[in-house]
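One structure below.
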Amino acid sequence: MSLNQRIYLSPPHMGQEEQQWVQQAFATNWIAPLGPNVDVFEKEIAGYVGASGALALSSGTAAIHLALRLLGVGAGDTVFCSSLTFVASVNPVVYQGAEPVFIDSEPESWNMSPQALERALSEAKRVGKLPKAVVVVNLYGQSADMDPLLDLCDQYGVPVIEDAAESLGATYKGRASGTLGRFGVYSFNGNKIITTSGGGMLVSDDLEALEKARYWATQARDPAPHYEHSEVGFNYRMSNVLAGIGIGQLHVLPERVETRRAIFAAYAEALGSMEGVEFMPEASFGSATRWLTTLTVDPQIARTTSGDIIRALAEANIESRPVWKPMHLQPLFQGCAYYPYQEGHSVSDRLFEQGICLPSGSSLTETEQAKVIEIVKTLVCGGMTHEIA
Ligand SMILES: *Cc1c(COP(=O)(O)O)cnc(C)c1O
């Protein structure tokens, strides 16, 4: 073992049961993109979040793609999407030949701003081009303010897909994040709060729609003794081996949430009073998982930048990341429309410029966290807090 072991941003953290479920798949030879582990994982996720049904898929991206298809998104359509997100929220819009329109964040939750969405919807209505869907992203383990967003979308008759890839385990007014829109999407990629190494889940109360998605996800095979196809399909189902990992992981999810919240609390306690440092707020409407501890550093006050901190951490073999670069700033989406928080005032631009994600894995040790804290402290105002500054 090296004395200076790398500290990762959000590494996988297995529990006690995962290997037994995987072993079960081997013992019964269910090494396939279907099988008893897939059925159990779907039932347990649906039960955990309180959705009528769930469909296990090869990725969260696949789940977003199928949700867009279920809503009939196609060439020439527009889809509204949170700008501050990972590109996977939007790529499936492009797969469908549709055009994304980006909506800014609000400062309270860093998620989609209802007032920016309202401007976008009213303008779309005025020009006769309402979106086919709105993809609301729940960032870094926190739900968006779903009630006003859903009210607006209802008013204009536009369905909502909740990209809850980062918010499994979070709540909004007592309900599970990812169950408030027409469709919800979870991801089990390697860096998420629980992982199957790679995988995703589509949840909904619309069981008929989930059946249709299941058909598309298995190459759209029509009922017939031979191979009969009347629609284009995809190979999007989750492996029964990986679903075994997922069942074990789901059983430790509440612990993982608790640990990530404790890690956040320790960072906030140590760094929260430093000049120019602000942690991602937890909005009063719900409970966040704190999947990643994120904060902003105002260079005018802190006399250091997010880039300096990320570089200093990297020198100590510690992985940290800037906050997502907003989609409206990506070369890929040059020319797409964007609705900032207020005219001339973009919130996500600042979050990107000043934001940092700190190592937040549920296996992070106190010693490791202390090392991260020490480095951030020495950079921000030379280590001076409010009290002594
Ligand atoms: C991880 C992630 C996805 C994609 O999930 P995959 O399972 O990696 O395809 C989508 N949206 C957001 C916001 C994510 O963080």
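Remember, it's 1-based here, ligands and their atoms both numbered in the order they're listed.
In this structure, Val127 stands alone, with no Ile, Leu, Val, Met, Phe, Trp or Tyr side-chain heavy atom under 4.5 Å from its own, directly or through other members.
Between Phe41 and Phe188, the ring centre distance stays below 6.0 Å. Under the 6.0 Å cut-off for aromatic ring centres, Phe102 and Phe333 qualify, their centroids lying closer than that.
At a cut-off of 3.5 Å, with distance as the only test, a side-chain donor of Glu228 or His226 sits close to an acceptor on the other residue. A donor-acceptor contact under 3.5 angstrom links the side chains of Tyr338 and Asp104, judged on distance only.
Applying the side-chain contact (heavy atoms from CB on, under 4.5 Å) test between Ile247 and each of Gln24, Glu44, Glu18 identifies Glu44 as the sole match.
Ligand 1 is surrounded by Ser59, Gly60, Thr61, Thr85, Phe86, Ala88, Ser89, Val137, Asp163, Ala165, Glu166, Ser187, Asn189, Lys192, Gly199, each with at least one heavy atom closer than 4.0 Å.
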